[in-house]
Amino acid sequence: MAVPIRTAVAALCAGLVAALLTTVPALAGQNEHVWAVSAAAHAPRAQLSLDDSTGTLSLSVSRDGRTVIEPSPVGIVTEQADLSQGLRFLHRTDRRIDERYRTKSGKRLDRRVRMNEARLSFATATGARLDLVVRASADGVAYRYVLPAGYGDVLGETSAFNLPSAASAWLSTYRVDNEGQFAQYTAASAPTNSYSDQALFATPGGYTLLAESDLTGAYSGARLAHTQGTGTYRIALADERVRTDGPLATPWRAMVTGDLATVTRSTFTDDLAPASRVTNPSWIRPGTVLWTWLAGGRPAGQSLAAQKAYVDYAAERGWPYEAVDSGWYFKKDEWDVTDPDWQTNSWMPELVEYARAKGVGIVVWIHQRDLDTPEERDRWLPTLERWGVKGVKIDFMNSEAQSMLQWYDTILPETAAHHLMVDFHGSTIPKGIQRTWPQVMTLEGVGGEEKRTNTAAHLTTLPFTRNVIGSMDFTPGAFQRVGLRPNSDAAEVGLTVVHESGLQMFAGTPESYDARPLARGFLDQVPAAWDDTRLLAGQPGQEAVLARRGGDRWFLGGVYAGAARTAEVPLSIGPGRWLVETIRDGADGLVQDRQVLRGGDPLGVDVVGNGGFAALACPWRPGVTTCYR
């Protein structure tokens, strides 16, 4: 009897999946077992090896047969069990993950997750159990440890990543606020130091970005420990002892892998994270923000009259939010909580009502120390909600220790319950947090516009490192900081597209915008939520040109480090004819060019030294003369 075509196709697909998930039948050596996990033929491939003589595990990653991660140690040690050696294999189970979810911010709102997962179970001679869970997708590989209860506190991991010694590396020296500068080395030549785990490497098998996902107060934050002369980057935890009193699933150790375009647009760390815990997210609305701190809103400007003037400007521009930074509220030691009207000792309610009448929402800064106890949160969060504040910028956590991560675990459901969007500053970096808690619109964790030590090379590295893993509150647009920023005016406009943030904080003064009407007009158009993201051209430390789509329009941003040039950027935004309106640096300030191009044509732009550009593209037909609305 003939086999129906549908049945044959199904059997073929099942066979392919089985091939991708199967144990490698041949032993790599007399004393070694090997297993492989991959999601597709040309996707990253994880290979797990167990040395039967020592009972130690290692993991390597390849892509199209070329090395990404060399065999690297895998293991974890607790008070009661050393699960890094003496292991014997028990069994393996596999499953296919196919999910869809929608976010409120990020590189694209609609997401599709397709991963293969293998759970490999091991035991020691004394019966201690370890499950190693490995996932592979088209753009990455990740693993985590799963332990039963009763093994005591975690004392550390033996996890490490062995990179090819000559691989180019873009690294940021670790800081508790994650605001270090990125610099380029080779994997082996980087100085002995601790580095942020958002490290990018160019390997024979493509680029790989090391990252972490699903980090909570059940564990401790990771950093990379490196000794010069080797390509090894070990996982070091913020705590010497991670407290645990039950079963444990550690965070994912993730490797975002592919060509540079794949890594740049990847949502792998979000895809690994748990689903949203906000039942009804309709109140969460990304948007552009007039941020008043660098715009003159320091203590002298923290007055009702000054803030009303900023609200007026935001309303005039159609910007949906205004952010009031430090200095607007009385200090913690000035609270008189015996006074029933203590919350009204502020001009903030009047400002919020004034802004609401003009269609502008207010975001307020608040220090973490004023939210670090249940009593303080019970004072502030309901009060801010009652006033009508739309979001909070919480600052100065400056730790990834388990105790601070447990504070995050507390503040996240509480801000969601009080309908407050969140911008974390002095913070950890995104590790899947925006999927699980979509009210987190952005996090700092970056050497941003406030820093006077930024370089043009740093600006062109961020899209391939920090911003890959989630929204980044860089705060672009500080045109008034001439001499304090390394780039040109056109590059500063381009940063509003290159650097993604669910609350895109514009850091300029009204006067600086008015002096640059082309920049101001572009900022009026920029959304803070995107339907798609594409890398058009890039090389970390040299150039980054990204296109982000909002509706039927594409916004382009380009930043460059180094000498002036004529950039040739492929307009890879789809077929058809496009009207492209480009803002670039001219001899006497910003200038705008208009041209009609076909999708895929080169877009030529004259770029000054350490410069850039911004552009808006929309479908062209006869009669269309501008993309601006």
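The figures here come from the full heavy-atom set of this structure, side chains too, leaving out hydrogens, waters and symmetry mates.
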message: Applying ring pair (Phe, Tyr, Trp, His ring centres under 6.0 Å) to Tyr310 and Trp291, what does each step give before you reach the verdict?
response: CA-CA 9 Å; Tyr310 289 126; Trp291 179 48; over 10 Å; no

query: Ser168 and Gln184: side chain to side chain contact (heavy atoms under 4.5 Å, CB included), yes or no, with the steps?
result: CA-CA 7 Å; Ser168 295; Gln184 184 175 354; 4.0 Å; yes

task: In sequence, state the C-alpha distance, the side-chain angles, and the governing distance for Met348 and Trp387, and then conclude on side chain to side chain contact (heavy atoms under 4.5 Å, CB included).
output: CA-CA 8 Å; Met348 186 57 68; Trp387 287 349; 3.7 Å; yes

task: List the steps, then state whether side chain to side chain contact (heavy atoms under 4.5 Å, CB included) holds for Leu603 with Glu568.
output: CA-CA 6 Å; Leu603 171 64; Glu568 295 284 338; over 6 Å; no

message: Pair Arg285, Tyr321 - check side chain to side chain contact (heavy atoms under 4.5 Å, CB included), show working.
response: CA-CA 10 Å; Arg285 298 185 178 92; Tyr321 298 106; 3.5 Å; yes

query: When you look at Tyr313 and Asp514, which way does the side-chain hydrogen bond (donor to acceptor under 3.5 Å, both in side chains) test go after all the steps?
result: CA-CA 11 Å; Tyr313 193 81; Asp514 291 344; 2.7 Å; yes

message: The test is side-chain hydrogen bond (donor to acceptor under 3.5 Å, both in side chains); show your working for Thr267 and Asp270 and say whether it passes.
response: CA-CA 5 Å; Thr267 60; Asp270 280 347; over 6 Å; no

field: Step-by-step side-chain hydrogen bond (donor to acceptor under 3.5 Å, both in side chains) determination, Arg553 to Gln525
entry: CA-CA 10 Å; Arg553 300 187 297 173; Gln525 301 293 311; 2.7 Å; yes

message: Using side-chain hydrogen bond (donor to acceptor under 3.5 Å, both in side chains), reason through Gln439 and Thr415 one step at a time and then give a plain yes or no.
response: CA-CA 8 Å; Gln439 84 274 18; Thr415 50; 3.1 Å; yes

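Rounded to the nearest 0.5 Å, atoms CZ (Phe613) and CG (Asp593) are 11.5 Å apart. Rounding to the nearest 0.5 Å gives a distance of 4.0 Å between CZ of Arg111 and OH of Tyr101. The structure places CD of Glu581 at 5.0 Å from CG of Leu579, a figure rounded to the nearest 0.5 Å. One distance of note links CD of Glu492 with CZ of Arg485; it measures 4.5 Å at 0.5 Å rounding. Note that OG of Ser471 and CD1 of Ile433 are 11.0 Å apart. Values are rounded to the nearest 0.5 Å. If you take CG on Leu351 and NZ on Lys308, they are separated by 7.5 Å, rounding to the nearest 0.5 Å.
Between the side chains of Thr192 and Gln228, no donor-acceptor pair is found at a separation under 3.5 Å. Between the side chains of Glu511 and Gln480, no donor-acceptor pair of N or O atoms lies under 3.5 Å. When only modelled atom types and interatomic distance are considered, Thr428 and Glu400 share a side-chain donor-acceptor pair under 3.5 Å. For the residue pair Trp319/Asp524, the side-chain donor-acceptor check at 3.5 Å is satisfied. Between Thr208 and Thr203, the side chains place no donor N or O within less than 3.5 Å of an acceptor N or O (distance only, hydrogens not considered). Side-chain N/O atoms of Ser213 and Thr269 include no donor and acceptor closer than 3.5 Å. Under the 3.5 Å distance criterion, with hydrogens and angles disregarded, a donor-acceptor pair is assigned to the side chains of Gln434 and Ser105. Counted by atom type alone, Ser488 and Asp585 present one or more donor-acceptor pairs between their side chains at under 3.5 Å.
A 4.5 Å side-chain heavy-atom check between Phe522 and Thr496 finds at least one atom pair inside the cut-off. Between Val580 and Val596, the closest side-chain pair of non-hydrogen atoms is not below 4.5 Å. Inter-residue side-chain proximity for Val446 and Glu179 is flagged as unmet; no heavy-atom pair is nearer than 4.5 Å. Using a 4.5 Å cut-off on side-chain heavy atoms (C-beta onward), Arg534 and Trp554 make contact. Looking at Val545 and Tyr560, their side chains come closer than 4.5 Å, going by heavy atoms from C-beta outward. Between Ile469 and Leu209, the closest side-chain pair of non-hydrogen atoms falls below 4.5 Å. Between Leu171 and Phe182, the closest side-chain pair of non-hydrogen atoms is not below 4.5 Å. Val569 is not listed as a side-chain neighbour of Pro602, based on a closest heavy-atom distance of 4.5 Å or more.
Applying the ring-ring contact (aromatic ring centres under 6.0 Å, His included) test between Tyr233 and each of Phe201, Phe161, Tyr174, Tyr185 identifies Phe201 as the sole match. Checked against His425 for a side-chain hydrogen bond (donor to acceptor under 3.5 Å, both in side chains), the options Asp325, Asn398, Asp473, Thr475 give a single hit: Asp473.
A salt bridge links Arg629 to Asp552: one of the charged nitrogens lies within less than 4.0 Å of a carboxylate oxygen. A salt bridge does not link Asp64 to Arg66: none of the charged side-chain nitrogens sits closer than 4.0 Å to a carboxylate oxygen. A salt bridge is absent between Asp197 and Arg223; no separation between the charged side-chain nitrogens and carboxylate oxygens falls under 4.0 Å.
For Arg265, the side-chain contact (heavy atoms from CB on, under 4.5 Å) partners two or more places apart in sequence, or in a different chain, are Arg108, Asp532. Residues that satisfy the side chain to side chain donor-acceptor pair (under 3.5 Å) test with Thr625, not counting sequence neighbours, are absent from this structure.
Formation of a donor-acceptor pair under 3.5 Å by the Thr460 side chain with backbone atoms of Gln542 is found in this model.
Counting heavy atoms of neighbouring residues, nucleotides and ligands inside a 6.0 Å radius, atom NZ of Lys431 exceeds 12 of them.
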